[in-house]
Visitor: 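Dropping the structure in here first, questions after.
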2 protein chains.
Amino acid sequence: MENIGLRLKALRSSRGLSQRRLANESGVSNATVSLIENGRTDPSMGMLKRILDSLNVSFAEFFAADSLAENRFFYRHAELAEISSGPISYLQVGSDLSGSQLQILYERYQPGADTGQSMLSHEAEEGGVILQGRLEVTVGKQVQTLSAGDAYRFNSSLPHRFRNTGNEDCLVVSACTPPSF
Amino acid sequence: MENIGLRLKALRSSRGLSQRRLANESGVSNATVSLIENGRTDPSMGMLKRILDSLNVSFAEFFAADSLAENRFFYRHAELAEISSGPISYLQVGSDLSGSQLQILYERYQPGADTGQSMLSHEAEEGGVILQGRLEVTVGKQVQTLSAGDAYRFNSSLPHRFRNTGNEDCLVVSACTPPSF
DNA sequence: ATCATTTGTTAAATATTTTTAACAATTCAA
DNA sequence: TTGAATTGTTAAAAATATTTAACAAATGAT
């Protein structure tokens, strides 16, 4: 049950809980949590259920990530999938987009962060809304600096580039169809 | 874990398997299957997985029925839920219809099978298509004998009755909204 | 630095599940 | 009807999971 352990560990740490804290709230021992997470035991349904209950996660939700096509509707911020970090971090809504036509990202650009001038393009359509900071967006030969509340939208086949020209982090929510990476 | 046992039992019998047969193909003892089905034990995830594997059902699929609104879209014939057997057998598309407005059934009437003249009615709307055999349908004061390709449709508040007047099994696909049982 | 918490892990004791092996009840064939 | 095979169930034995209680390592506060 290696897989179950890994998934539980990810779920617990995404909520910022310690093994003991989770164990207490679940009514199981901390040893149980440890053994399950490390795949050193084959937990009973009852144990797993008690733990998932205290996390407000149903069996269905817990195992939903199994299906290739995801069937989850709601995601806590801590559950967003970090598909890239560094000067630009991308948090994706949903972890498995196979079979999906839509990709939604929560992006954070550190000051000076730049997607580069490579101007790479791909066959898709994308757009986004700026939440905080300043973002210089280049599409084709046009350049604009956007700030909180502004938005963009274009065909991804046009060369494009993003750059944080401000001195604070820039936050963006973007969407792309079909998913680009 | 009462609920899980019932679901497993439904799943197994819908495939026409005995406890021993399923146990052998899963590599567990028949006692385990019996204990789980009757809720007399709290099975380990490993045991449940071995059993579900041999049924070609993933955890995600098995627990998907947990969500009140089902999120499955496709059902193999062997997965239809047998909600009644005997002279008239009803196979339902989907096992949990709570929250759903539509019930779809695959019905088999043995020769002579009769829903009875009780003419009970309920507040709903229903209809169906005959696939094979002959079916005498009574609605209010009207009587018709339908055969393959024919169909029916009426408000369930009218008294109605179904009877197989032919000498071969009669197959019907019906729909009802809201679900009647 | 030091002490006190808190972290995750693990061995031994306990509790539970799982198997083995039997049982009665049913089904099928002759 | 009979015997043989299959059904689902269950008690006792065997195997395994869970808890208790300890440990070392990391963290935080004074």
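Keep in mind it's a predicted model, so treat the numbers as computed, not measured. Just so we're on the same page: letters track the sequence lines, and every chain starts at 1.
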Visitor: Please identify each residue that fulfils salt bridge (charged side-chain N to carboxylate O under 4.0 Å, His left out) with B:Arg163, with sequence neighbours left out.
Guide: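 Partners of B:Arg163 under the salt bridge (charged side-chain N to carboxylate O under 4.0 Å, His left out) test: B:Glu136.
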Visitor: Does A:Arg40 offer a backbone N or O that forms a donor-acceptor pair with the side chain of A:Asn38 under 3.5 Å?
Guide: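 Not confirmed, A:Asn38 side chain does not pair with A:Arg40 backbone.
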Visitor: Would you say D:dT7 has OP1 or OP2 under 4.0 Å from some side-chain N or O of B:Gln19?
Guide: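 For D:dT7, neither OP1 nor OP2 has a side-chain N or O of B:Gln19 closer than 4.0 Å.
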Visitor: Taking 4.0 Å as the cut-off, does a side-chain nitrogen or oxygen of B:Ser18 come that near to OP1 or OP2 on D:dT7?
Guide: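 Yes, within the criterion.
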Visitor: Test of understanding: with side chain to side chain contact (heavy atoms under 4.5 Å, CB included), list the residues that count as partners of A:Ala23, not counting sequence neighbours.
Guide: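 A:Val28, A:Asn30, A:Val33.
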Visitor: Please tell me if the side chains of B:Leu135 and B:Thr145 come closer than 4.5 Å, counting only heavy atoms from C-beta onward.
Guide: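 A side-chain contact under 4.5 Å is absent here.
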Visitor: Between B:Asn38 and D:dG8, is there a side-chain N or O to OP1/OP2 distance below 4.0 Å?
Guide: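 False: B:Asn38 side-chain N/O out of range (4.0 Å or more) of D:dG8 OP1/OP2.
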Visitor: Is B:Leu48 linked to B:Leu35 within one hydrophobic cluster, defined over Ile, Leu, Val, Met, Phe, Trp and Tyr using a side-chain heavy-atom separation of less than 4.5 Å?
Guide: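 Result: no, two separate clusters.
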Visitor: Between the protein and nucleotides 17-21 of chain D, are there any N/O to N/O pairs under 3.5 Å, and if so, what are the atom names and distances?
Guide:
{"from": "D:dA17", "atom 1": "OP1", "to": "A:Asp42", "atom 2": "N", "distance (Å)": "3.1"}
{"from": "D:dA17", "atom 1": "O5'", "to": "A:Thr41", "atom 2": "OG1", "distance (Å)": "3.4"}
{"from": "D:dT18", "atom 1": "OP1", "to": "A:Ser44", "atom 2": "N", "distance (Å)": "3.0"}
{"from": "D:dT18", "atom 1": "OP1", "to": "A:Ser44", "atom 2": "OG", "distance (Å)": "3.1"}
{"from": "D:dT19", "atom 1": "OP2", "to": "A:Ser29", "atom 2": "N", "distance (Å)": "3.1"}
{"from": "D:dT19", "atom 1": "OP2", "to": "A:Ser29", "atom 2": "OG", "distance (Å)": "2.9"}
{"from": "D:dT19", "atom 1": "OP2", "to": "A:Thr32", "atom 2": "OG1", "distance (Å)": "2.1"}

Visitor: Base, sugar-phosphate, or nothing: which does B:Arg21 touch, judged by heavy atoms less than 4.0 Å apart?
Guide: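 If one applies the 4.0 Å heavy-atom cut-off, B:Arg21 turns out to touch nothing in the nucleic acid.
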Visitor: Of all residues at least two apart in sequence or in a different chain, which pass the salt bridge (charged side-chain N to carboxylate O under 4.0 Å, His left out) check with A:Arg21?
Guide: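 A:Arg21 satisfies salt bridge (charged side-chain N to carboxylate O under 4.0 Å, His left out) with A:Glu25 only.
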Visitor: Using the C1' atoms of five pairs at each end, what's the angle between the two axes of the helix from C:dA1-D:dT30 to C:dA30-D:dT1, to 10 degrees?
Guide: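 Its terminal axes enclose an angle near 40°.
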Visitor: Any donor-acceptor pair under 3.5 Å linking the side chain of B:Asn164 with the backbone of B:Gln110?
Guide: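 Yes: the side chain of B:Asn164 pairs with the backbone of B:Gln110.
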Visitor: Using salt bridge (charged side-chain N to carboxylate O under 4.0 Å, His left out) as the criterion, list what pairs up with B:Glu168, not counting sequence neighbours.
Guide: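 Residues passing salt bridge (charged side-chain N to carboxylate O under 4.0 Å, His left out) with B:Glu168: none at all.
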